[in-house]
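One structure, pasted below without further comment.
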Amino acid sequence: MSGYTPALMELIKKVEATRPARVEKARKGEHFPALTMNERSEWLKKYHPDYKSEGRRAIRVGPNKGLELPDEVASLLESKSRLDTSAISLGKADYTVDLLVIGAGGAGSAAALVAEEAGLSVLVSTKLRHGDSNTVMAEGGIQGADQEGDSPYYHYLDVIGGGHFSNQPDLVAAMTNDAPLIIHWLESLGMMFDKRPDGRMMVRHGGGTSRKRMHSAGDMTGAEIMRVLRDEVRNRTERIKVLEFSPAVEIIMDEEGRAAGAVLYNLETHEYYVVAAKAVVIATGGFGRLHIQGFPTTNHYGATADGVVMAYRAGVKLNDMDSTQYHPTGAIFPEQNVGLLITEKVRGLGAQILNVDGAQFCFPLEPRDVESACILRECLDIGKGVVTPTGRHGVWLDSPMIDALHGEGTVRKELPAKYIQFKRYDIDISKLPMLIYPTLHYQNGGIAIDDRSRTTIPGLYSAGEVTGGVHGRNRLMGNSLLDVLVFGRRAGINAVEYAAKAKAQGKMTLSHVEKYNKEIDEAGIKSESLSPVLLPDYAPDHVKARQRG
Ligand code: MEZ
């Protein structure tokens, strides 16, 4: 018995018919040819959602005024604050600390740890639970050039090439140079990396890598990273306090234009808290739950771009905020799995992407934006996709090739989480292929920072997916888990230095929020939405209407 319908099982026969010849070729090292540079840019322009003119508009307020952004992002930034500033008293803070870290994923936890080690008192505020983040959702691996025959130099070139030369070079240099140290740091914290029998690291290719440098922990690399970071933070309760279910809603400044804390909102009691801090780190993650262009997402429930909103209102510019990463392989069947990440490691292990005829139509490890463009082309333009019972389009990801190439049991050993996620619906991915389609995976752009994780506001730092510049307009696999740790640590280290030298704080103020609200009025924008939105709103209109009465 299988979770696939009889009609889909019939189509799978075409995949099975072409598999032996494909496995044979793969064993000989023969690949479907990669696209040329010209073809890549042609495919991207024609098929990638970022290049469509519909669904975008120029933002009318703030430091990036005039810049074309996805409608969803523009609407968010053109909304007034959810905070009634007149109802908040900044006179007496509820918490006073050296460092406030907003966000408790990989970047926030890393920043908190290094700041604590230098003696700072740290408050970490998080919207959901400690670790509920895109870090924990990342599956396939973390890059780091720590193997023989590789170096940060090659890693740097790969990142710049993958980003189509739109990356901020100083950030790329910082990330690739720190990478070996980060891998070592994670091991020292107790992370269980995949290793070879002789104890050396098991490393693989990801899309766009010239060397094998993807370090993994099964297909739960992010969860394993988050496990050790969370343990470590929770073991340092003397100087680190974690407030769960308490998202920040606005940054507080002082009268001299420096970051001075934030207002937190308790999701359970609906109370607001004032935090006074010498320095602030924004590490709130990405925007997947905005569902840009209607795409499903791999992101965690709280990924609603809160940090981007708060920093923008405070006057920080955004980089590449019009650029979105669609992961080529999101699940498209069964319906309950739609949007779920199918890690790139599946292709790294040799699984190929096939159309309705069971034929290959692209090199499986193109950079992600190019791979997604190829799949969209096959489904929407050429009409060679597979249509699911609910009318979604997809193509096959031939996971049984993995056992054929590496021996029976490899799928279950290397991809245990994926195996279970499909087995739940009676699909054994070591025997049957998966149906996939691009899914919104990553916010390529975000808050502008320098290589010390500094924003343009003194005392305000930022790290991880909420920032923009390091990956340019396309991120390679495994560089997000790396980015959060490199820039999370750099934010912590530099906040320590800043806090040590910072002059006494001036009077706290939210006047930048009032000014921003006024700018919205003056631009004639009539939006009823408030931001940050904090949680996605999935209630259908008729339910909302009923709630309004
Ligand atoms: O870096 C990522 O996005 C990642 C590790 C995802 C994956 O395909 O597993």
Distance-only polar pair, side chains of Y47 and D381, donor-acceptor under 3.5 Å
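Side chains of Y47 and D381: pair found under 3.5 Å.
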Hey, is the main chain of P296 close enough, under 3.5 Å, to the side chain of T439 for a donor-acceptor pair?
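Pair found, side chain donor or acceptor close to backbone of P296.
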If you count every heavy atom of other residues, nucleotides or ligands that lies below 6.0 Å from R129 atom CZ, does the total exceed 12?
no
Please say whether more than 12 non-hydrogen atoms of neighbouring residues, nucleotides or ligands are located less than 6.0 Å from OH in Y154.
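At most 12 heavy atoms, drawn from other residues, nucleotides or ligands, come within 6.0 Å of this atom.
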Distance from H164 atom NE2 to N474 atom CG, nearest 0.5 Å?
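Reported value, rounded in 0.5 Å steps: 4.5 Å.
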Inspect the contact between R56 and D71 and indicate whether a charged nitrogen and a carboxylate oxygen are less than 4.0 angstrom apart.
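No, no charged N to carboxylate O under 4.0 Å.
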Strictly below 4.0 Å, N to O, side chains only: are D320 and R473 in salt-bridge contact?
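The answer is yes: the pair qualifies as a salt bridge.
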Quick one: pull up NE2 in H300 and OG1 in T135 and give me the separation to the nearest 0.5 Å.
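With rounding to 0.5 Å, NE2 (H300) is 8.5 Å from OG1 (T135).
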I'd like to know if D158 pairs up with R213 as an ion pair, taking the criterion as any Lys NZ or Arg NE/NH1/NH2 lying under 4.0 Å from an Asp or Glu carboxylate oxygen.
yes
Donor-acceptor check, side chain of T5 to backbone of L8, threshold 3.5 angstrom: yes or no?
yes
Nearest non-hydrogen partners of I282 and A311, listed with the distance:
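Looks like CD1-CB, 4.0 Å.
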Answer yes if the side chains of S527 and E78 hold a donor-acceptor pair under 3.5 Å, and no otherwise.
no
Supply the atom-to-atom distance I292 CD1 to Q443 CD, rounded to the nearest 0.5 angstrom.
8.5 Å
Heavy-atom donor-acceptor pair, N337 side chain to A331 backbone, under 3.5 Å:
no
Run L482 and F487 through side-chain contact (heavy atoms from CB on, under 4.5 Å) and show every step you take.
CA-CA 9 Å; L482 177 60; F487 292 101; over 6 Å; no
Verify the neighbour count for atom NZ of K423: are there more than 12 heavy atoms of other residues, nucleotides or ligands below 6.0 Å?
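More than 12 within 6.0 Å, yes.
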Residues E10 and K13 bridged, charged N to O under 4.0 Å
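So E10 pairs with K13 through a salt bridge.
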M321 versus G445, closest heavy-atom pair with distance
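Scanning both residues, the minimum pair turns out to be SD-C, 3.8 Å.
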For atom CZ of R412, is the number of surrounding heavy atoms from other residues, nucleotides or ligands below 6.0 Å larger than 12?
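Counting neighbours around CZ of R412, 12 or fewer heavy atoms of other residues, nucleotides or ligands fall under 6.0 Å, so no.
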Over all heavy atoms of both residues, which pair between C374 and F361 is shortest? Give the atoms and the distance, please.
O-CE1, 3.7 Å
Using a strict 4.0 Å threshold on nitrogen-to-oxygen distance, state whether K345 and D194 make a salt bridge.
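Salt bridge between K345 and D194, a charged N being under 4.0 Å from a carboxylate O: yes.
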Hey, what do you get for SG (C362) to CH2 (W43), rounding to the nearest 0.5 Å?
11.0 Å
Hey, do the aromatic rings of H441 and F295 have their centres closer than 6.0 Å?
no
For Q336, does the CD atom sit with more than 12 other heavy atoms under 6.0 Å from it, leaving out its own atoms?
yes
Please report the C-alpha distance between H155 and Q143 in whole Å, then the side-chain angles of each, then the deciding distance to 0.1 Å, and finally whether the side-chain contact (heavy atoms from CB on, under 4.5 Å) criterion is met.
CA-CA 8 Å; H155 190 178; Q143 290 205 42; 3.4 Å; yes
Does the side chain of L435 come within less than 4.5 Å of T388's, by heavy atoms?
yes
Any carboxylate oxygen within less than 4.0 angstrom of a Lys/Arg side-chain nitrogen, looking at D198 and R196?
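Looking at R196 together with D198, the answer is no, because their closest N to O distance does not fall below 4.0 Å.
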Kindly indicate whether the side chain of V386, heavy atoms from C-beta on, has any atom under 4.5 Å from the side chain of V356.
yes
How many angstroms lie between atom CG of D483 and atom CG of D178, to the nearest 0.5 angstrom?
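Here the rounded value is 11.0 Å.
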When you check the gap from the basic side-chain N to the acidic O, do K127 and E244 get nearer than 4.0 Å?
no
Is Y153 atom OH crowded by more than 12 heavy atoms from other residues, nucleotides or ligands, each under 6.0 Å away?
no
Is the side chain of R347 donor-acceptor paired with the backbone N or O of P364 at a distance under 3.5 Å, no angle test?
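Answer holds: yes.
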Would you kindly say whether R424 and Y419 are connected by a side-chain donor-acceptor distance under 3.5 Å?
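No - no donor-acceptor pair under 3.5 Å links their side chains.
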List the steps and the verdict of side-chain contact (heavy atoms from CB on, under 4.5 Å) for K384 and C379.
CA-CA 5 Å; K384 287 273 181 189; C379 290; over 6 Å; no
Rounded distance (nearest 0.5 Å) linking atom CD of E139 with atom CG of L340
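Atom-to-atom, E139:CD and L340:CG are 6.5 Å apart.
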Does the side chain of L128 come within less than 4.5 Å of F245's, by heavy atoms?
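With C-beta onward as the side chain, the pair touches.
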Close side-chain approach of V23 to R27, heavy-atom, < 4.5 Å
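Answer yes - side chains close enough.
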Donor-acceptor pair, S109 side chain versus G105 backbone, under 3.5 Å?
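It does hold such a pair.
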Do you see a donor-acceptor pair shorter than 3.5 Å between the side chains of T304 and D306?
yes
Ignoring hydrogens and geometry, is there a side-chain-to-backbone donor-acceptor pair from D50 to T324 under 3.5 Å?
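Side chain of D50 to backbone of T324: a pair is present.
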Is the number of heavy atoms from other residues, nucleotides or ligands within 6.0 Å of NZ (K195) greater than 12?
yes
Taking NZ, NE, NH1 and NH2 as the nitrogens, is one of them in R57 or E68 under 4.0 Å from a carboxylate oxygen of the other?
no
Heavy-atom side-chain contact between V136 and S133 under 4.5 Å
yes
Side-chain donor or acceptor of S75 paired with backbone N/O of V73 under 3.5 Å
no
Without hydrogens or angle criteria, can the side chains of H205 and T209 be said to hold a donor-acceptor pair below 3.5 Å?
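There is such a pair between these side chains.
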Relative to each other, are the rings of W396 and Y4 parallel, tilted or perpendicular (30° and 60° limits)?
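W396 vs Y4 ring planes: perpendicular.
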In plain terms, say whether R22 and D398 are close enough for a salt bridge, that is, a side-chain N and a carboxylate O under 4.0 Å apart.
yes
Is it the case that atom CD in E30 sees more than 12 heavy atoms from other parts of the structure closer than 6.0 Å?
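Count over threshold, so yes.
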Check: R475 main-chain N/O paired with Q325 side-chain donor or acceptor under 3.5 Å:
yes
With a 4.0 Å cut-off on N to O distance, would you call E414 and R204 a salt bridge?
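Salt bridge between E414 and R204, a charged N being under 4.0 Å from a carboxylate O: yes.
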Look at the side chain of T410 and the backbone N and O of I402, then say whether any donor-acceptor pair between them is shorter than 3.5 Å.
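Between the backbone of I402 and the side chain of T410 there is no qualifying donor-acceptor contact (under 3.5 Å).
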Side-chain heavy-atom pair F287, L440 within 4.5 angstrom cut-off
yes
Output, in order, the C-alpha distance, side-chain angles, deciding distance and verdict of side-chain contact (heavy atoms from CB on, under 4.5 Å) for L76 and V308.
CA-CA 10 Å; L76 194 74; V308 165; 5.9 Å; no
Please answer whether the main-chain N or O of G468 pairs with a side-chain N or O of N444 as donor and acceptor at a distance below 3.5 Å.
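Answer holds: no.
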Where do A34 and F363 come nearest, in terms of heavy atoms and distance?
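Smallest interatomic distance, heavy atoms only, reads CA-CB, 3.7 Å.
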Going through the checks in order, is the ring-ring contact (aromatic ring centres under 6.0 Å, His included) test met by Y437 and H327?
CA-CA 8 Å; Y437 190 76; H327 195 292; over 10 Å; no
How close do I375 and P438 get, counting heavy atoms only, and between which atoms?
CG2-CD, 3.7 Å
At their closest point, which heavy atom of G385 faces which heavy atom of V395, and how far apart are they?
CA-CG1, 4.4 Å
List the steps and the verdict of side chain to side chain donor-acceptor pair (under 3.5 Å) for S430 and D428.
CA-CA 5 Å; S430 67; D428 178 345; 2.6 Å; yes
Indicate yes or no: does R227 engage E224 in a salt bridge with an N to O separation below 4.0 Å.
yes
